[in-house]
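As structure tokens, the structure follows; a few thoughts come after it.
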Amino acid sequence: MRLSQMLLPTLRETPAEAEVVSHKLLLRAGMIRKLAAGLYTWLPLGLRVLRKVEAIVRQEMDRAGAQEVLMPAIQPAELWHESGRWEKYGAELLRLQDRHQRAFCFGPTHEEVITDLARMELHSYRQLPANFYQIQTKFRDEIRPRFGLMRAREFLMKDAYSFHLNEASLMETYQVMYDTYTRIFTRLGLQFRAVRADTGSIGGSASHEFHVLADSGEDVIAFCPDSGYAANLDLAESLAPGERPAPTRNMGEVYTPGVRTISAVTICLLVPSSRTVKTLLVEGTDGGVVALVLRGDHDLNETKAARLTEVASPLTFASPERVREFTGADPGSVGPVGLQCPVFCDRAAAAIADFVCGANRDNFHLTGVNWGRDLPEPRVVDLRSVVAGDLSPDGKGKLALCRGIEVGHIFQLGTKYSAALKAEVVGEDGRPVTMEMGCYGIGVSRIVAAAIEQNNDERGIIWPVAIAPFQVALIPINMHRSIRLTEAAVRLYDELRGVGIEVLFDDRALRPGVMFTDAELVGIPYRVVMSDRGLDAGTVEYRTRRDTQSRDVPLDGIVALLREAIQNACS
RNA sequence: CGGGGUAUAGCGCAGUCUGGUAGCGCACUUGCUUUGGGAGCAAGGUGUCGGGGGUUCGAAUCCCUCUACCCCGACCA
């Protein structure tokens, strides 16, 4: 592509709206422009990257035996009523009416449509297993779209749905998809990690998320470098520490004026926070409240808490008024002793003796408190988020934490949708069988942003070669003043294109500095600089985006050199 | 939806407190010079000051209202 023929509106300054680096660079590199909150236009350069990601995803899905389909973006409300999600999905579902006032939605996902297709078209177990996918625009009316492409409302997603006669077949395809995702993210040139994930509201048994590792990621991943265990923080189990020591002290009440936080308690009473306990009250399902007890140095994991049937969903903290109603004290002075509501205690908090807690009386704390003696043995559950250094749940080492961007998610759905929509086939024995389903998503447009989050420097984007919009930036210096150089540059441009290399030919009559800066900002992996000086010596300058120095290479060897470099980078 | 903030030229911003008819940098246009890391000089164009209403002789500036966008919390690819 000749740069003079391309819309590439690079920006020297960062638009004020951008917060995260991928958003800033996508705007500055002239790849996207915002139309409205969470809605972006893909400009030519950005679209090339999106298409490359798409192509790799498509190739690998095809290789895995999945069949591509394309379903409507707009879906009739009836299907969503059938699955029960018209009511459940909430405000994120963009609802529409046509001219006859019939209800539709803009699909945020396609379980209903694909299951409808499956019940219409799949009749016999002989047609199973089957795996269908599409690459399509979704819309989720996010409460707060942000971070540019990272959390847009409209986004491009690859979603796949598999259908099976039984669970064994589902597990088999699930594993194939797991392996396929691993291939995809490897080919994309991204550092990633597959982690066990919460199945959440979608239901089903097993689930894995694929995260691109980046410090700016919104998700926290717990992993064990020794055993390979990796899980979303919401799923990573915190193991019980050892046996609880025997009580050595008697319980006593102390006056602690103005002490309302754990850190204040540790200072006031000179105890480590690991010997204190905090008690959080949340709304319960029965109209009362539920107490959640954690060690002072630990944090509540809200996802884990929300899994308790006694806890109202969504998880809601009791208001200060409610806290006073049930405990007679300020939220800062609540403790588990004498509480007249269900008490759930985290494993770690249940394993300490002689601890400090609120006295359920303003400005008083209790010391030397012991479970089973001063208050009933609590119901012990896993409530806290793991922290770095915790034992791995598989018992084979210690956990570390890192941050990631969720770019893929695979689920075993089971029969949730097939049962609701009555998607059945006739089995071998002639009886109807409700199909088992799996579903497998990849955030295609999010990958573009995630790749930038992971690969950038102060000069701009550094694309992995596999998804770079162009592989080579060809920059002739002062070409417009040298016919000889123009001819040589065009010759090399044609030659590179002839061997299938994607070249961005900067034929603009600009100063070299501008061309260099643009090529680096948009992140082209390889740069070839040509000049009259170089022609005299029969050389061009070559350097990769990550290099700080270029080197002269013979003009007649540059094509082979680039071919090899690109091939190595993509294999 | 709750909390915080912003809206002035294509982009980044000043001007708003204290009302007097809009400015800076970059970008853009033309010319000359320059030409290996975002050139210099000269000339030039650019605005419903987010919308509506009000106060005032006069509003970017004060008041009311609406809207859009951004940031912090719950959702998710």
Side-chain angles (χ1 to χ4, degrees), chain A residues 9-20 23-24 27-28 30 33-39 53 57 88-93 108-110 135-160 181 197-198 200-202 209-212 217-219 232 234 302-303 306 313-317 404-411 439-450 459-460 475-482 485 508-521 527 529-534 541 543 548 550:
Chain A
T10 55
L11 303 174
R12 190 188 296 222
E13 289 172 289
T14 303
E17 68 194 47
E19 189 72 12
V20 297
H23 191 192
K24 289 177 181 170
L27 289 168
R28 286 192 54 210
R33 285 294 182 263
K34 184 176 72 175
L35 178 64
L39 304 177
V53 175
V57 170
K88 275 195 198 150
Y89 209 91
E92 260 177 51
L93 187 63
T109 177
H110 280 71
I135 296 177
Q136 208 228 22
T137 298
K138 305 281 196 239
F139 190 94
R140 293 185 190 167
D141 199 356
E142 295 277 350
I143 297 167
R144 186 151 84 88
R146 58 182 143 171
F147 304 149
L149 295 183
M150 203 78 84
R151 184 178 297 275
R153 291 194 292 176
E154 191 179 296
F155 58 98
L156 193 66
M157 181 172 166
K158 186 284 296 177
D159 48 329
Y181 275 38
D198 187 31
S201 52
I202 300 188
E209 291 168 352
F210 287 76
H211 287 262
V212 167
E218 289 186 84
D219 294 298
N232 188 299
D234 290 339
E302 298 192 17
T303 305
S313 102
L315 185 81
T316 313
F317 285 94
I405 301 162
E406 187 187 355
V407 290
H409 202 158
I410 59 179
F411 290 95
C439 97
Y440 320 93
I442 288 182
V444 176
S445 49
R446 180 180 278 184
I447 283 173
V448 176
R459 293 179 295 171
I475 301 179
I477 288 176
N478 295 321
M479 181 177 80
H480 56 289
R481 292 189 303 146
S482 164
L485 181 56
R508 301 174 297 180
L510 292 176
R511 305 172 72 81
V514 180
M515 300 196 283
F516 295 154
T517 313
D518 272 348
E520 284 160 356
L521 174 61
R527 186 180 92 179
V529 175
M530 298 180 80
S531 64
D532 274 313
R533 208 166 64 200
E541 292 164 49
R543 95 188 216 186
T548 50
S550 22

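Below, chain A is the first sequence line, B the second, and so on; all start at residue 1. These numbers come from the heavy atoms of this one structure, side chains and all, not from hydrogens, waters or symmetry mates.
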message: Over all strands shown, is D219(A) touching base, sugar-phosphate only, or nothing at heavy-atom distances under 4.0 angstrom?
response: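 Answer is base: heavy atoms of D219(A) come under 4.0 Å of a base.
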
message: Any base atoms under 4.0 Å from D159(A), or only sugar-phosphate, or nothing? Heavy atoms, all strands.
response: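 Touches nothing.
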
- request: Would you mind reading off the distance between R543(A) atom CZ and G37(B) atom P, rounded to a whole angstrom?
  value: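 To the nearest whole Å, that distance equals 12 Å.
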
- request: Could you check how far CZ of R144(A) sits from C1' of G4(B), rounded to whole Å?
  value: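 Checked: the CZ to C1' distance equals 11 Å.
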
- prompt: Looking only at N and O atoms, is any donor in the side chain of R151(A) or the base of C75(B) less than 3.5 Å from an acceptor on the other one?
  reply: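 Answer is yes: a donor-acceptor pair is held.
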
task: Establish whether the base of G37(B) is bridged to the side chain of R527(A) by a donor-acceptor pair shorter than 3.5 Å.
output: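 Such a pair is found, so the answer is yes.
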
Assigned partner base of [N], Watson-Crick or wobble definition, under 3.5 Å:
N: G36(B); result: none
N: C26(B); result: G10(B)
N: G20(B); result: C57(B)

Nearest heavy-atom pair of [X] and [Y]: which atoms, and what distance?
X: V444(A); Y: K158(A); answer: CG2-N, 3.7 Å
X: E19(A); Y: H23(A); answer: N-ND1, 4.1 Å
X: L149(A); Y: S445(A); answer: CD1-O, 4.0 Å

query: On a whole-Å scale, what distance lies between the P atoms belonging to G45(B) and U29(B)?
result: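 Nearest-Å result for G45(B) against U29(B) at atom P: 15 Å.
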
field: Integer angstrom distance from the C1' of A42(B) to that of G50(B)
entry: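 The same atom, C1', in both gives a distance of 36 Å.
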
- prompt: Ring stacking, F516(A) with base of G38(B), under 5.5 Å and under 30°?
  reply: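 Stacking is absent between G38(B) and F516(A), given that the ring centres and planes do not meet under 5.5 Å and under 30°.
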
